[in-house]
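Chain identifiers are assigned alphabetically (A, B, ...) following the order of the sequence lines, protein sequences preceding nucleic acid strands; residue numbering begins at 1 within each chain. All values reported here derive from a predicted model rather than from experimental measurement.
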Number of protein chains: 2
Amino acid sequence: MRAATLELEETVCPTLCEACDARGVSICRVLPHPQLRRLAAPAAIGDYAIGETLLFEGDPAAHVLNITEGAVMLSKGLADGRRQVLGFLFKGDFLGLTLTETYGLSAQALTPAKACRFPRASFQRLLRETPRLEEELLSRASDELVSARLHLTLLGRKSATERVATFLGCMADRTATLGGQPGTAHLPMTRADIADYLGLTTETVSRVISALKRQRTIGQAGRGLVRILDAQRLEALAERA
Amino acid sequence: MRAATLELEETVCPTLCEACDARGVSICRVLPHPQLRRLAAPAAIGDYAIGETLLFEGDPAAHVLNITEGAVMLSKGLADGRRQVLGFLFKGDFLGLTLTETYGLSAQALTPAKACRFPRASFQRLLRETPRLEEELLSRASDELVSARLHLTLLGRKSATERVATFLGCMADRTATLGGQPGTAHLPMTRADIADYLGLTTETVSRVISALKRQRTIGQAGRGLVRILDAQRLEALAERA
DNA sequence: CGTCATGTTGATTCAATTCAAGTCCTGTGG
DNA sequence: CCACAGGACTTGAATTGAATCAACATGACG
């Protein structure tokens, strides 16, 4: 699948960026107008359908992307088809930066999504000349590292119930930050995606979620929406580090 | 336990840094003389015994450290005592940088170790004024993220044998890079440390290592030294992503 | 309204853990 | 130098949490 893209007119870009919904939560936030113009000039907006690939593990790392809309899943594959889901990205998240010549992970859209796409070379050039941007990226890398470590602890040392409870708690937090219903977790991914994120099987994820519903810790609030009914109990089950 | 430290005379420091064995592989590598002086001025050298703590999860993040000698283990604890080992550090590795006010992980010495210790505040100041250093740290954070993702894949999706084989392969690579015997893995950590790194128990690690020895894939080459006898087979068992 | 994905639930199996002895080092003090 | 104490490591037997195998339910969509 190939994403529809729209080249931005150089003159139009500052206006577009000005109007961009994700601006305030994206890396662009830290750029003054001249640098923003430099970033935007060679940019394109990618529009991705559900399941579509934003970038693929092993492909030449030609672009970096900034998500402006929708939900995206990051994953890594093993030779025999097993898969580890590494994380979920939303509006304002940045991806695709790497020191190697090829991407080290894949990214695909979980919902219809949009992303601002910058050629890697020009981005690297801007980066080298804009310490404020470097600082922003270091800060984001630092955050990613923190959440990777929590994820490692979850995968290495938690039980199935703890994993699912931790996951639901995190997703509820994320939903709140992104401006959704507080006390609700938006789950745009399938059970298989959750299982590959938590190092479990779909069956186990399903069983644990059913058990949490049975004991009224959570409840269904519509398609892909879980209501946290007993946040305290969920927190206790999660054993968050 | 409190580490013995030696305050550096400001006038002495450039000489000491000049003589530092870890200089060429540390972040200091990228600093021109004036900045190096600024970095070194408030620095202290910490000397740590086996088992001693370099920094502790939850403590105020007062310092950043650069390892100049020995092996260090990073870990994170759960409330009930379970532990996830996050990684192993050696000469030239940097630790302790965080956006939060407290450390998010613990670090302890596996061998007698030395580390250059910088006050966080002055390091941050230097960092903000030295884009080249920021660049270096971003590059290191990027590497750490890559290895964290490999570790996630290992914990989420690999069997016990695959985990141990992957680990031994990585440690052998690391040993070679650090200038040890090629084809040999130096293991300064205990079975319990390895188990907590791989998300297994000591018994399982021991059983898998015994099995690998029985089938002559690896052999013992002294205390904490494993010889890789059949690298190809080990690689195949590892299912490296 | 039927089809095919996705999700749930149950029965059974299995890989790794837990429990339980031992053995092997290594450093220490007689 | 040797005995021995205590931790590290290994091995075996029993147990178990999650995976696998197998239906079946649900629900989104043409």
Side-chain angles (χ1 to χ4, degrees), chain A residues 49-51 73 78 80-85 108 110-112 154-168 187-215 218-226 237 239, chain B residues 49-51 73 78 80-85 108 110-112 154-168 187-215 218-226 237 239:
Chain A
I50 291 181
M73 175 174 64
L78 262 61
D80 61 2
R82 279 175 291 176
R83 182 182 73 145
Q84 178 62 44
V85 169
Q108 57 178 175
L110 291 173
T111 66
L154 176 145
L155 291 179
R157 285 293 173 240
K158 288 190 179 180
S159 71
T161 305
E162 289 168 340
R163 292 180 201 206
V164 172
T166 305
F167 173 71
L168 292 175
L187 306 179
M189 68 295 286
T190 66
R191 292 285 183 268
D193 296 335
I194 298 174
D196 283 343
Y197 180 73
L198 298 178
L200 300 169
T201 57
T202 48
E203 293 95 326
T204 300
V205 171
S206 188
R207 271 185 253 276
V208 173
I209 288 180
S210 295
L212 291 173
K213 280 177 184 165
R214 224 172 301 125
Q215 67 192 44
I218 61 173
Q220 196 74 36
R223 180 77 184 147
L225 276 181
V226 167
L237 287 173
E239 279 279 349
Chain B
I50 291 181
M73 175 174 62
L78 262 61
D80 61 2
R82 280 175 290 177
R83 182 182 73 145
Q84 178 62 43
V85 169
Q108 59 178 174
L110 291 172
T111 65
L154 177 145
L155 291 179
R157 285 293 173 237
K158 287 191 180 181
S159 71
T161 305
E162 289 168 341
R163 292 180 201 207
V164 172
T166 305
F167 173 71
L168 292 175
L187 307 178
M189 68 294 287
T190 66
R191 291 286 184 269
D193 297 334
I194 298 174
D196 283 344
Y197 179 73
L198 298 179
L200 301 169
T201 57
T202 48
E203 293 95 325
T204 300
V205 171
S206 189
R207 272 185 252 274
V208 172
I209 288 180
S210 295
L212 291 173
K213 281 177 182 165
R214 223 173 302 124
Q215 66 190 43
I218 61 173
Q220 196 74 36
R223 180 77 183 148
L225 276 180
V226 166
L237 287 174
E239 279 280 346

Given atom NZ of B/K213 and atom P of D/dC9, what is their separation to the nearest angstrom?
-> 10 Å
For nucleotides 20-26 of chain C, read 5' to 3', which letter fits each nucleotide if B means a protein heavy atom sits under 4.0 Å from the base, S means only the sugar-phosphate is that close, and - means neither?
-> ------S
A/L155, A/V85, A/D196, A/D80 screened by side-chain contact (heavy atoms from CB on, under 4.5 Å) with B/R157, the one that passes = A/D196
Among C/dG7, D/dA18, C/dT18, find the nucleotide with the atom closest to the side chain of A/R191.
-> C/dG7
Got a second to check how far A/I194's CD1 is from A/T201's OG1, nearest 0.5 Å?
-> 12.0 Å
Indicate yes or no for a side-chain donor-acceptor contact from A/R207 to the backbone of A/T202 under 3.5 Å, with no hydrogens or angles considered.
-> no
Side chain of B/Q108, backbone of B/M73: donor and acceptor closer than 3.5 Å?
-> no
Rounded to the nearest Å, what distance is computed from the CZ atom of residue A/R207 to the P atom of nucleotide D/dG17?
-> 14 Å
Spacing of A/L110 atom CG and A/I50 atom CD1 [to the nearest 0.5 Å] = 8.5 Å
Does B/T204 reach the side chain of B/R163, with side-chain heavy atoms less than 4.5 Å apart?
-> no
In residues 195-202 of chain A, which residues come under 4.0 Å of DNA chain D by heavy atom?
-> A/G199, A/L200, A/T201
A/K158 side chain near B/L78 side chain, heavy-atom distance below 4.5 Å | yes
Any A/I209 side-chain heavy atom under 4.5 Å of A/R191 side chain = yes
Whichever of B/T190 and A/V205 has its nearest DNA chain D nucleotide further upstream toward 5' | B/T190
Distance col, row B/K213:NZ vs B/Q220:CD, nearest 0.5 angstrom, shows 4.0 Å
Could you state the atom-to-atom distance from CZ of B/R157 to P of C/dA15 in whole Å?
-> 16 Å
Distance in angstrom units between B/I194 CD1 and C/dA16 P, rounded | 17 Å
To the nearest angstrom, the CG-P distance between B/L187 and D/dA8 comes to 16 Å
Tell me, do B/L168 and B/L212 make a side-chain contact under 4.5 Å, heavy atoms counted?
-> yes
Would you classify B/S206 as touching base, sugar-phosphate or nothing, given that sugar-phosphate means primed atoms plus P, OP1 and OP2, and contacts are heavy atoms under 4.0 Å?
-> base
Could you tell me the separation between the CG atom of A/L212 and the P atom of C/dT8, rounded to a whole number of Å?
-> 12 Å
Students should find that the end-to-end axis angle of the helix from C/dT6-D/dA25 to C/dG30-D/dC1, with five pairs defining each axis and rounding to 10 degrees, is 40°
Any side-chain heavy-atom pair from B/L200 and B/V208 closer than 4.5 angstrom?
-> no
Send over the distance from B/I209 CD1 to D/dT11 P, rounded to a whole Å.
-> 11 Å
Spacing of B/I50 atom CD1 relative to C/dG27 atom C1', expressed in whole Å | 12 Å
If you look at every strand shown and take non-hydrogen atoms under 4.0 Å, does B/S210 touch a base, only sugar-phosphate, or nothing?
-> sugar-phosphate
Given the 90°-from-0 boundary between syn and anti, C/dA5 should be labelled syn
Using modelled atom types only, decide if a donor and an acceptor are shared between the side chain of B/Q84 and the backbone of B/Y197 within a distance under 3.5 Å.
-> yes
From the options D/dT11, C/dG7, D/dA19, select the nucleotide whose nearest atom is closest to the side chain of A/T204.
-> D/dA19
